[in-house]
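To keep things clear, I will list the structure first and then write my remarks on it.
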Amino acid sequence: MDINKQSNFIRDIIEQDMASGKHDLIVTRFPPEPNGYLHIGHAKSICLNFGVARDYGGRCHLRFDDTNPKKEDPEYVRSIMDDVRWLGFDWGEHLYHASDYFEELYQFGLELIKRDKAYVCSLSPEQIRAYRGTLTEAGKDSPYRGRGIQENLDLFQRMRKGEFDEGDHVLRAKIDMSSPNINLRDPVVFRIVKADHHRTKDDWCIYPTYDYAHCLSDSIEGITHSLCSLEFQDHRPLYDWILEQLPVKCHPRQIEFARLNLNYTVMSKRKLARLVQKGVVSSWDDPRMPTLSGLRRRGYTPESIRRFCDLIGVAKSENIVDMSMLEYCVREDLNRKAPRVMAVLDPVRLIITNYPDDRVEELEAVNNPEDPSMGTRKVPFSRELYIERQDFMEDPPKKFFRLSPGKEVRLRYAFFVTCQNVVKDPETGEIVEIHCSYDPATKGGDSPDGRKVKSTLHWVSARHARRVEVRLYDRLFSRPNPAEDERKGVDFLAHVNPDSLKVIRNCFMEPGLENLSPGDKYQFERLGYFCVDPDSTTGMHVFNRTVTLRDAWARIQKKKH
RNA sequence: UGGGGUGUAGCCAAGCGGUAAGGCAACGGGUUUUGGUCCCGUCAUUCGAGGGUUCGAAUCCUUCCGCCCCAGCCA
């Protein structure tokens, strides 16, 4: 176990349950409904459930909560399994579906009726709502609440046979229409749905509801701790009630925790779906999406996401975690792993006037200063180079110590160069060439006379450069909480950041990286971490910027403005 | 207005009657051939507010306030 991992109230409970002998094998489950893609909020739950099982020598089931055939799709089943595996967790033999239990759940329904704990209600959906009462007023009994057991049995069996239409009847638990907890006012446990299920096809035309199916599925699987999010707290009495009425082999304990929120993004499946539908993003795996597939394409590693989930902790208070926390986690991981490479995103030509036009030198560069075992490589140097336009200022402010007229800087792994003059476009005034002289004695980047330089620039030999496309991503929304004004009628889509994606095609990368494949990750020195996008072709590689490096200069500039 | 939760720094979050952990962010400084990394330091006299109990309270009691969730045949 990771000794840096903080405990939390759920782990405390589990440890107590093991110490007291209540359980000697811990069994948890991750129970997604296959109606959408997994996002980083799910990662929190996955890490919690699988992490607890791993750390206490238990197991964690992957169970699809597929009780609503109208919303579910095998496409989501596939993506969910891919994402959980990618995150680094393994359910082994323990892949389950609530739909596997439909027959058992139906039999339990019959049993509930026999025990006079459920009845078939023939009120319309509107009537059921009206009879339910309100938050402050008690509900009233359905006129069908007193139906005899035999009649209920007959009706329920006929519901199952398909003799009725959707909405004609439902099976309801007989609890208490005046309960202050609305979930206990005779909740529906089975409803008629005339839709094919992605796994059971047309075997069923009645389907159990979440409250009924979930606790029983947990019990059937021998789950010891059923971890879910805060909004189910009010459902816990119902979870317990159902298990108490039936001859079940075990009664799992439901424990609720706060779901994850991240600023500058949204986390609900509904909102994420709208972003896709509206074309704000290209797809569920658009690198700006907080989906696991989006983060993966963006260049996030499973390790960084797991680390993030460890760092944020698990508690019961509502929270909105800073995006900077997530970014910290990828940088931490990629700093160790990503090979360094030089690439210029906004090129300006730098000409070394005293360097022979026909000469090319191969200079040795370190692949990763954090990990010497990653070795070195040769990078070609010649008379004409590209450097970053931002690395030159004709009239620099005090704290700017990059290149400017008369100033000397180091070209990484190459030479010291001093700027002599610039050539501008006569029309636009834009700098088109920077003329420098170099000091041959500084080859490799060190001056034998001990002369210091205040800055080191990355560069690419113009003649050898490889052209690439780079996609720069920024936060998807311009507000920390895009949904905060929804009550006032302001749709969250109004806060989409118009600059969340900037595509630049005129970028140059050092040669030598010929066999790139999607997902490969590099640090572009001084710029950030980038990864190869699947849109890459043999002719043009496409890089996604995962995250920038921390940038002290950017902070200095920001403070001034 | 009924029920269920929750308030500790800008953001997460420990703390469970003995005198406010840790991380992110931010800000100083050192090292540095990435203004990166790394390293050092600063950052809550106070825990939503008031009252009470106690030698001692973020922790116990009490009143009040804020915020979140619940009236699907969604999960």
Side-chain angles (χ1 to χ4, degrees), chain A residues 4 6-8 12 31-33 35 65 67-68 70-71 121 123-125 128-130 132-139 166-172 179-185 187-193 206-207 209-211 213-214 228-237 256 258 260 263 269 308 310-329 331-332 335-336 340 342 365-366 369-370 399-402 410-414 416 442 444-446 452-458 480 523-528 548-556:
Chain A
N4 293 317
Q6 274 205 194
S7 191
N8 58 55
D12 290 346
E33 183 188 15
N35 69 343
D65 212 344
T67 57
N68 186 352
K70 284 183 169 171
K71 291 190 174 177
C121 180
L123 253 22
S124 69
I128 287 182
R129 193 186 320 130
R132 185 152 37 221
T134 69
L135 295 176
T136 53
E137 300 162 64
E166 286 186 18
D168 285 354
H169 310 283
V170 291
L171 185 71
R172 292 228 253 169
S179 171
N181 181 344
I182 291 181
N183 297 114
L184 264 19
R185 318 241 263 231
V188 171
V189 296
F190 273 97
R191 75 287 210 186
I192 297 169
V193 179
I206 57 171
Y207 291 90
T209 57
Y210 164 84
D211 285 308
H214 204 90
C228 62
S229 46
L230 251 28
E231 65 269 29
F232 293 103
Q233 287 177 118
D234 291 344
H235 295 241
R236 192 182 344 125
E256 312 83 13
L260 167 69
N263 60 20
K269 282 184 191 171
F308 173 75
D310 285 344
L311 287 185
I312 58 174
V314 177
K316 295 188 74 164
S317 57
E318 295 288 340
N319 58 79
I320 304 179
V321 175
D322 272 356
M323 192 61 101
S324 62
M325 186 85 90
L326 222 205
E327 293 176 342
Y328 165 82
C329 293
R331 289 193 186 106
E332 181 189 50
N335 178 50
R336 280 198 315 258
R340 312 278 119 139
M342 291 196 285
V366 174
E370 303 298 316
K399 287 187 174 172
F400 184 88
F401 34 84
R402 274 110 100 144
R410 170 168 41 236
L411 294 178
R412 180 142 233 225
Y413 301 124
F416 285 11
T442 58
D446 275 314
K452 297 291 182 201
V453 100
K454 293 202 77 174
S455 174
T456 300
L457 309 187
H458 62 278
Q523 184 196 100
F524 289 0
E525 292 221 32
R526 302 208 306 135
L527 297 174
T548 62
L549 256 29
R550 288 180 81 235
D551 187 346
W553 171 238
R555 266 178 280 144
I556 291 167

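Just so it is clear, the model here is predicted, and its values are computed rather than measured.
Glycosidic conformation, G4(B): anti, with the torsion outside 90° of 0.
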Can you pull every protein N or O that's under 3.5 Å from an N or O on nucleotides 58-60 of chain B?
none

Would you tabulate the nitrogen or oxygen pairs shorter than 3.5 Å linking the protein to nucleotides 20-22 of chain B?
from: A21(B); atom 1: N1; to: Gln6(A); atom 2: OE1; distance (Å): 2.7

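When the nearest nucleotides of RNA chain B are assigned to Lys71(A) and Gly133(A) by heavy-atom distance, the more 5′-ward of the two goes with Gly133(A). The residue among Leu123(A) and Trp553(A) whose nearest nucleotide of RNA chain B lies closer to the 5′ end is Trp553(A).
Across all strands shown, U31(B) forms no Watson-Crick or G-U wobble pair with both distances under 3.5 Å. Nucleotide A26(B) is matched to U42(B) when pairs are restricted to Watson-Crick or G-U wobble geometry with both distances under 3.5 angstrom. Pairing partner, U6(B): G66(B), with both Watson-Crick or wobble hydrogen-bond distances short of 3.5 Å.
One can place CD of Glu332(A) at 8 Å from P of C24(B), the figure rounded to the nearest angstrom. Separating the CD atom of Glu318(A) from the P atom of C70(B) is a distance of 11 Å, rounded to the nearest angstrom. The interatomic distance linking Asn183(A) (CG) with G2(B) (C1') rounds to 13 Å, in whole Å. Per the geometry, CZ belonging to Arg550(A) stands 9 Å off P belonging to C27(B), to the nearest Å.
In this structure, Trp553(A) has its ring center closer than 6.0 angstrom to the ring center of Phe400(A).
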